[in-house]
Amino acid sequence: QVQLVESGGGLVQPGGSLRLSCAASGSISRLYAMGWYRQAPGNQRELVAAITSGGSTNYADAVKGRFTISRDNAKTTVYLQMTSLKPEDTAVYSCNAYRFSIATSNRYDYWGQGTQVTVSS
């Protein structure tokens, strides 16, 4: 099992910055990737950014150039640095981690509790 604990959400003005953190514990050595999803009211959950165990990153088009995903050297904490925030970035941001079963290739997802990010003047 993997436990994910997020921190860093809050209220920020348009154009401001926030940094989200996600600390992983448990069976983290088997994780393939970690990342952040977000869901705004009335919208589907969408991938914001992800980083694989090898260090490859992936971003949603809406956040490219504004958000940066990174991790610590121990690969236990993932960060999402958000800059030039817009009102449309308002959402609940959830940390995600996943692994694949060696036997079946099935994907297993783990989720944090979510943290609210509100961009408003």
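This is a predicted model, so every value here is computed, not measured.
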**OP:** Step through the shown structure and confirm whether more than 12 heavy atoms of other residues, nucleotides or ligands are within 6.0 Å of CD on Q44.
**Re:**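 At most 12 heavy atoms, drawn from other residues, nucleotides or ligands, come within 6.0 Å of this atom.
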Original post:
Within a radius of less than 6.0 Å around CZ of R71, do more than 12 heavy atoms belonging to other residues, nucleotides or ligands occur?
Top reply: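 For R71, atom CZ is crowded (more than 12 foreign heavy atoms under 6.0 Å).
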Do [X] and [Y] come within less than 4.5 Å of each other through their side chains, counting heavy atoms only?
| X | Y | answer |
| --- | --- | --- |
| T90 | Q116 | yes |
| L80 | V78 | no |
| Y110 | Q3 | no |
| I69 | W36 | yes |
| S94 | N96 | no |

Original post:
Do Y108 and V2 share a hydrophobic cluster, counting only Ile, Leu, Val, Met, Phe, Trp and Tyr and linking them when any side-chain heavy atoms are less than 4.5 Å apart?
Top reply: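 Yes: a chain of side-chain contacts under 4.5 Å links Y108 to V2.
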Taking all heavy atoms of [X] and all of [Y], pick out the closest pair and write down the distance.
| X | Y | result |
| --- | --- | --- |
| A24 | L4 | CB-CD2, 3.6 Å |
| S105 | F100 | O-CD2, 3.6 Å |
| S120 | P14 | C-CD, 3.6 Å |

**OP:** With side-chain hydrogen bond (donor to acceptor under 3.5 Å, both in side chains) as the test, would you mind laying out the steps for R19 and Y79 before giving the verdict?
**Re:** CA-CA 7 Å; R19 189 176 83 156; Y79 305 97; 5.0 Å; no
What distance do [X] atom [atom1] and [Y] atom [atom2] have between them, rounded to the nearest 0.5 Å?
| X | Y | atom1 | atom2 | answer |
| --- | --- | --- | --- | --- |
| S21 | Q81 | OG | CD | 9.5 Å |
| K75 | S29 | NZ | OG | 10.5 Å |
| F67 | Y59 | CZ | OH | 10.5 Å |
| M82 | R38 | CE | CZ | 9.0 Å |
| N58 | I51 | CG | CD1 | 11.0 Å |
| M34 | I28 | CE | CD1 | 8.0 Å |

Original post:
Taking the hydrophobic residues Ile, Leu, Val, Met, Phe, Trp and Tyr, and joining any pair whose side-chain heavy atoms are under 4.5 Å apart, which ones share a cluster with Y37?
Top reply: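 Members other than Y37 - counting any ILVMFWY side chain reachable under 4.5 Å - are L47, W111.
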**OP:** Applying salt bridge (Lys or Arg N to Asp or Glu O under 4.0 Å), name anything that partners R66, two or more places apart in sequence or on another chain.
**Re:**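 For R66, the residues satisfying salt bridge (Lys or Arg N to Asp or Glu O under 4.0 Å) (neighbours in sequence not counted) are D89.
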Subject >> Any donor-acceptor pair under 3.5 Å from Q13 side chain to S121 backbone >> reply: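 No, the answer is negative, given that no donor and acceptor are paired below the 3.5 Å cut-off.
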**OP:** Answer yes or no: is there a donor N or O on one side and an acceptor on the other, between the side chain of Q39 and the main chain of V92, under 3.5 Å?
**Re:**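 No: the side chain of Q39 does not pair with the backbone of V92.
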**OP:** Return yes if a side-chain donor-acceptor contact under 3.5 Å exists between Y32 and R107, otherwise no.
**Re:**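 No - no donor-acceptor pair under 3.5 Å links their side chains.
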**OP:** Report the residue from V119, T83, L85, T118 that forms a side chain to side chain contact (heavy atoms under 4.5 Å, CB included) with L18.
**Re:**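 Exactly one option meets the side chain to side chain contact (heavy atoms under 4.5 Å, CB included) with L18, and it is L85.
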Original post:
Run the side chain to side chain contact (heavy atoms under 4.5 Å, CB included) check on T57 and T68 step by step: do they pass?
Top reply: CA-CA 9 Å; T57 58; T68 303; over 6 Å; no
